[in-house]
Amino acid sequence: MTFRDLHRPGDPLLLPNAWDYGSAALLAAHGFPAIGTTSLGVAAVHGKPDGAAATRAETIELAETVSELGVMVTVDIEGGFSDDPAQVSDLVAALAALGVAGVNLEDGRPDGTLRPIELHQRIIEGALGHGVFVNARTDTHWLKAGDTLERVRAYGHADGVFVPGLADLAGIAEVVASTPLPVNVLYQPGGPTLAQLAEAGVARVSTGSLLYRASLQGALSTLLALQGTPAPPVPSYAEIAAILPEPR
């Protein structure tokens, strides 16, 4: 079975996201057939900002070690760590040589804007052709900018499309109906269940940075319990991002 085969509308792939070798090895040992990486987790582990094209080397290094676990691996490469389609193509080719099955390629930029559609189309084209599943992510909901359906249709030459932040079942079903590509959404605690997302036609459900953030909450809760202090909630993405170094 290929990584592409795991994307089944109505019977979605549950994709857990790891941030280091240990977390990936634990997930692989529990039988998950595919594992993604989380850019926030990778950035935080190395003391760097997320989404700022600051962790290219660390991302490649993680991909190399995790690819040895015998499971399919898809790598979050942010926006490709470059606006040059040729450089993105070289990166994906290098990851393919390591045995990586997929990449996640976003159109959001560190300054809170969206990459121009035409440029991101060329970035996607650069990533294609290496035998790697290219999941085109649009950050319209994260950044509250742009037209989601316009972006989803514009990225129709990718292998899959990802709209994180989309939690409304009617909106999710609308995206699914707008494209022949398998649709990926981000699981959100308190949001639609896996069964509801399956019914909406979703083909892949990612956990994003949730597992990393939950691990921090678990560690802090264990420590505070020694003091008899109540456990805090799982920190949000914004809370973790805020304690990381500023982009340089």
Side-chain angles (χ1 to χ4, degrees), residues 2-4 6-7 12-82 88 90-108 110 123-124 127 130-137 139 142 158-165 184-188 204-216 237 240-241 244:
T2 68
F3 185 58
R4 185 186 300 274
L6 296 177
H7 294 71
L13 166 67
L14 176 58
L15 184 75
N17 295 79
W19 56 94
D20 61 8
Y21 183 87
S23 57
L26 181 66
L27 294 168
H30 276 73
F32 289 95
I35 296 170
T37 66
T38 162
S39 65
L40 177 68
V42 174
V45 164
H46 293 281
K48 294 188 174 184
D50 182 34
T55 56
R56 186 182 189 277
E58 293 84 357
T59 297
I60 295 172
E61 181 180 5
L62 178 59
E64 183 173 12
T65 57
V66 172
S67 293
E68 299 172 358
L69 289 172
V71 296
M72 301 179 200
V73 176
T74 181
V75 179
D76 183 349
I77 58 172
E78 298 184 4
F81 302 113
S82 173
V88 175
D90 289 344
L91 170 62
V92 176
L95 291 171
L98 296 175
V100 165
V103 294
N104 215 55
L105 196 53
E106 65 198 48
D107 60 8
I123 295 287
I124 292 169
H130 302 292
V132 171
F133 186 100
V134 178
N135 202 37
R137 168 177 146 177
D139 286 344
W142 272 160
D159 297 301
V161 66
F162 182 22
V163 190
N184 180 190
V185 299
L186 184 69
Y187 174 76
Q188 300 180 65
R204 170 166 149 186
V205 179
S206 302
T207 58
S209 65
L210 175 62
L211 302 185
Y212 173 71
R213 293 183 286 109
S215 76
L216 295 184
Y237 174 93
I240 299 303
L244 298 181

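The figures here come from the full heavy-atom set of this structure, side chains too, leaving out hydrogens, waters and symmetry mates. The first residue in the sequence is number 1, and the count goes up from there.
- Listed by chain and number, the residues in a salt bridge (Lys or Arg N to Asp or Glu O under 4.0 Å) with Glu78 amount to none (sequence neighbours excluded).
- Partners of Phe81 according to the ring pair (Phe, Tyr, Trp, His ring centres under 6.0 Å) rule, which considers only residues two or more places apart in sequence or in another chain, do not exist here.
- Between the side chains of Thr37 and Asp76, no donor-acceptor pair of N or O atoms lies under 3.5 Å.
- Counting heavy atoms from C-beta on, the side chains of Ile240 and Leu216 come closer than 4.5 Å.
- A distance of 8.0 Å separates OG1 of Thr38 from OH of Tyr237, quoted to the nearest 0.5 Å.
- No side-chain heavy atom of Thr55 sits under 4.5 Å from any side-chain heavy atom of Ser39.
- Remark: Glu58 engages Lys48 in a salt bridge (Lys or Arg N to Asp or Glu O under 4.0 Å) (not counting sequence neighbours).
- Under the side-chain hydrogen bond (donor to acceptor under 3.5 Å, both in side chains) criterion, no residue pair touches residues 59-71, with sequence neighbours excluded.
- Nearest heavy atom pair, residue Gly102 against residue Phe3, reads CA-CE2, 4.3 Å.
- Partners of Asn135 under the side chain to side chain donor-acceptor pair (under 3.5 Å) rule, at least two apart in sequence or in another chain, are Asn104, Asn184.
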Which atom pairs, donor and acceptor, lie under 3.5 Å between side-chain atoms of residues 23-30 and protein residues at least two apart or in another chain?
| residue | atom | partner | partner atom | Å |
| --- | --- | --- | --- | --- |
| Ser23 | OG | Trp19 | N | 3.0 |
| Ser23 | OG | Asp20 | N | 3.1 |
| Ser23 | OG | Asp20 | O | 3.0 |
| Ser23 | OG | Asp20 | OD1 | 2.8 |
| His30 | ND1 | Leu26 | O | 3.0 |

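- When every heavy atom of Ala44 is checked against every heavy atom of Tyr212, the shortest pair comes out as CB-OH, 3.2 Å.
- For the pair Leu6 and Leu15, the minimum side-chain heavy-atom distance is 4.5 Å or more.
- The nearest pair of heavy atoms linking Leu244 to Ala43 is CD1-CB, 4.5 Å.
- Asp159 pairs by the side chain to side chain donor-acceptor pair (under 3.5 Å) definition with Arg4, not counting sequence neighbours.
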Applying side-chain contact (heavy atoms from CB on, under 4.5 Å) to Val42 and Leu62, what does each step give before you reach the verdict?
CA-CA 8 Å; Val42 174; Leu62 178 59; 3.6 Å; yes
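- Ring pair His7/Phe133 is parallel by interplanar angle, where below 30° counts as parallel and above 60° as perpendicular.
- Scanning for side chain to side chain donor-acceptor pair (under 3.5 Å) contacts around His130 gives Ser89, with sequence neighbours left out.
- The shortest non-hydrogen separation linking Val88 to Gly79 is CG2-O, 4.5 Å.
- Under the salt bridge (Lys or Arg N to Asp or Glu O under 4.0 Å) criterion, Arg137 pairs with Glu106, Asp139, not counting sequence neighbours.
- Residues satisfying the salt bridge (Lys or Arg N to Asp or Glu O under 4.0 Å) criterion with Arg56, sequence neighbours excluded, are absent altogether.
- For the pairing with Leu91, the side-chain contact (heavy atoms from CB on, under 4.5 Å) check across Val103, Ile60, Val75 returns one residue only, Ile60.
- To the nearest 0.5 Å, atoms OG (Ser82) and CD1 (Ile77) are separated by 10.5 Å.
- Checked against Arg204 for a side-chain contact (heavy atoms from CB on, under 4.5 Å), the options Leu14, Thr74, Val185 give a single hit: Thr74.
- Nearest heavy-atom pair, Leu105 versus Gly80, reported as atom, atom and distance to 0.1 Å: CD1-N, 3.4 Å.
- Here the shortest heavy-atom pairing between Gly51 and Pro110 reads O-CG, 2.9 Å.
- In this structure, the side chain to side chain donor-acceptor pair (under 3.5 Å) partners of Asp107, at least two apart in sequence or on a different chain, are Thr138, Arg151, Tyr155.
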